[in-house]
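A short write-up of the structure that comes next.
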Amino acid sequence: MQSLYEWDFSGKRVDLTKIVEKNIKEFGPGLEDESFIWQLATGVVEHLPEIDKIIATSAPEWPIDQITIIDRNVLRIGLYELLFGDKEAVPPKVAINEAIELAKSFGGESSGKFINGVLGTVFKEIGETK
């Protein structure tokens with residue numbers, strides 16, 4: 001989340017790879033497996049147009065550029081995990097819960113409810129189509 005936040009804050013003009021490498025070095029010394037971090041960061045960016053379209057559809061009263069950077073990137077991570085991630089490694093309800101906890105910890109007063117509402121709506125919709 002930290003890396004995506006920095007990347008988004010820069011207007012997506014800074015190389016995400018360099019940001020992720022810096023953050024792993026600073027916040028994850030001794031981390032044995034970095035693959036999940038890379039999977040999330042590159043997966044979100046790879047699917048960004050689709051993910052942002054889903055956010056715009058699921059939260060039409062909140063244009064994407066008006067959603068706080070934290071909330072926007074927590075949603076992106078949560079949606080990536082819900083739609084494109086390994087469901088056995090991270091079950092949908094776990095992905096939603098983790099996103100809500102990130103929003104509560106780092107977002108604003110109503111971030112957790114907002115994230116829950118958007119991800120819950122998407123989860124219900126994909127559950128009906130599968």
Side-chain angles (χ1 to χ4, degrees):
M1 183 192 70
Q2 172 78 24
S3 298
L4 289 170
Y5 177 93
E6 288 181 43
W7 178 71
D8 196 4
F9 185 80
S10 76
K12 301 177 190 119
R13 290 185 296 264
V14 177
D15 182 7
L16 180 61
T17 302
K18 290 180 182 177
I19 294 171
V20 173
E21 288 171 350
K22 173 190 69 84
N23 284 333
I24 288 172
K25 186 177 179 180
E26 183 175 343
F27 300 113
L31 188 64
E32 290 182 25
D33 186 8
E34 302 171 358
S35 63
F36 186 66
I37 296 167
W38 287 107
Q39 177 190 358
L40 283 179
T42 58
V44 166
V45 172
E46 180 182 329
H47 295 284
L48 191 64
E50 298 164 82
I51 291 170
D52 282 357
K53 184 177 179 182
I54 292 166
I55 293 170
T57 302
S58 301
E61 63 282 357
W62 289 98
I64 194 99
D65 60 340
Q66 291 182 11
I67 298 172
T68 67
I69 296 174
I70 288 287
D71 291 355
R72 183 167 57 229
N73 286 289
V74 169
L75 279 173
R76 286 172 174 161
I77 293 168
L79 286 168
Y80 171 78
E81 288 186 308
L82 275 177
L83 302 171
F84 307 105
D86 179 355
K87 309 284 188 289
E88 289 188 25
V90 182
K93 290 183 180 180
V94 172
I96 293 169
N97 188 54
E98 290 297 320
I100 293 167
E101 291 305 314
L102 280 173
K104 286 180 179 178
S105 296
F106 299 103
E109 190 175 308
S110 60
S111 293
K113 290 179 184 176
F114 177 66
I115 299 299
N116 186 32
V118 174
L119 295 181
T121 297
V122 172
F123 178 68
K124 287 177 191 169
E125 288 176 13
I126 63 171
E128 293 172 7
T129 60
K130 289 188 175 183

Could you check if a side-chain atom of Arg72 sits within less than 4.5 angstrom of a side-chain atom of Tyr5, using non-hydrogen atoms only? no

d(Ser3 OG, Leu40 CG) to nearest 0.5 Å is 10.5 Å

Is there side-chain contact between Trp38 and Thr17, with at least one heavy-atom pair below 4.5 Å? yes

Hey, are the side chains of Leu75 and Ile51 touching, using non-hydrogen atoms and a 4.5 Å cut-off? no

So how far is it from Glu46 CD to Gln39 CD, rounded to the nearest 0.5 Å? 10.5 Å

How about Asn23 and Glu6: does a side-chain donor come under 3.5 Å of a side-chain acceptor? yes

I need the Leu16 CG to Trp7 CH2 distance, nearest 0.5 Å. 6.5 Å

So Leu31 and Ile37, side-chain contact (heavy atoms from CB on, under 4.5 Å) or not? Walk me through it. CA-CA 11 Å; Leu31 188 64; Ile37 296 167; 3.3 Å; yes

Evaluation steps, side-chain contact (heavy atoms from CB on, under 4.5 Å), between Ile69 and Leu4: CA-CA 9 Å; Ile69 296 174; Leu4 289 170; over 6 Å; no

Distance check, rounded to the nearest 0.5 Å: Leu82 atom CG versus Ile126 atom CD1? 5.0 Å

Nearest 0.5 angstrom please: Phe9 CZ to Ile19 CD1, how far? 11.5 Å

Between Val90 and Phe36, is there a side-chain heavy-atom distance shorter than 4.5 Å? yes

Flag the pair Asp8 and Arg76 as a salt bridge only when some basic side-chain nitrogen lies within less than 4.0 angstrom of an acidic carboxylate oxygen. yes

Give a yes or no on whether a salt bridge exists between Lys87 and Glu81, defined as a side-chain N under 4.0 angstrom from a carboxylate O. no

Heavy-atom closest contact (Thr121 atom, Gly117 atom, distance): OG1-O, 2.8 Å

Please check if the number of heavy atoms outside Lys12 that lie under 6.0 Å from its NZ is greater than 12. yes

Any side-chain heavy-atom pair from Pro91 and Val94 closer than 4.5 angstrom? yes

Please indicate whether Glu61 has more than 12 foreign heavy atoms, meaning atoms of other residues, nucleotides or ligands, lying under 6.0 Å from its CD. yes

Between atom CD1 of Ile24 and atom CD of Gln2, what is the distance when rounded to the nearest 0.5 Å? 12.0 Å

Test Phe114 against every option in Leu119, Ile100, Val74, Asp71 by the side-chain contact (heavy atoms from CB on, under 4.5 Å) rule and name the one that passes. Asp71

In one Ile/Leu/Val/Met/Phe/Trp/Tyr side-chain cluster, 4.5 Å: Phe27, Leu102: no

In sequence, state the C-alpha distance, the side-chain angles, and the governing distance for Lys22 and Lys18, and then conclude on side-chain contact (heavy atoms from CB on, under 4.5 Å). CA-CA 6 Å; Lys22 173 190 69 84; Lys18 290 180 182 177; over 6 Å; no

Taking the side chain as C-beta and beyond, is there a heavy-atom pair between Glu50 and Lys53 under 4.5 Å? no

Is there a side-chain contact between Val122 and Leu83 (heavy atoms, below 4.5 Å)? yes

Can you give me the closest heavy-atom contact between Gly78 and Ala99, atom names plus distance? CA-CB, 4.5 Å

Would you please classify the geometry between the His47 ring and the Tyr80 ring as parallel, tilted or perpendicular, with 30° and 60° separating the classes? tilted

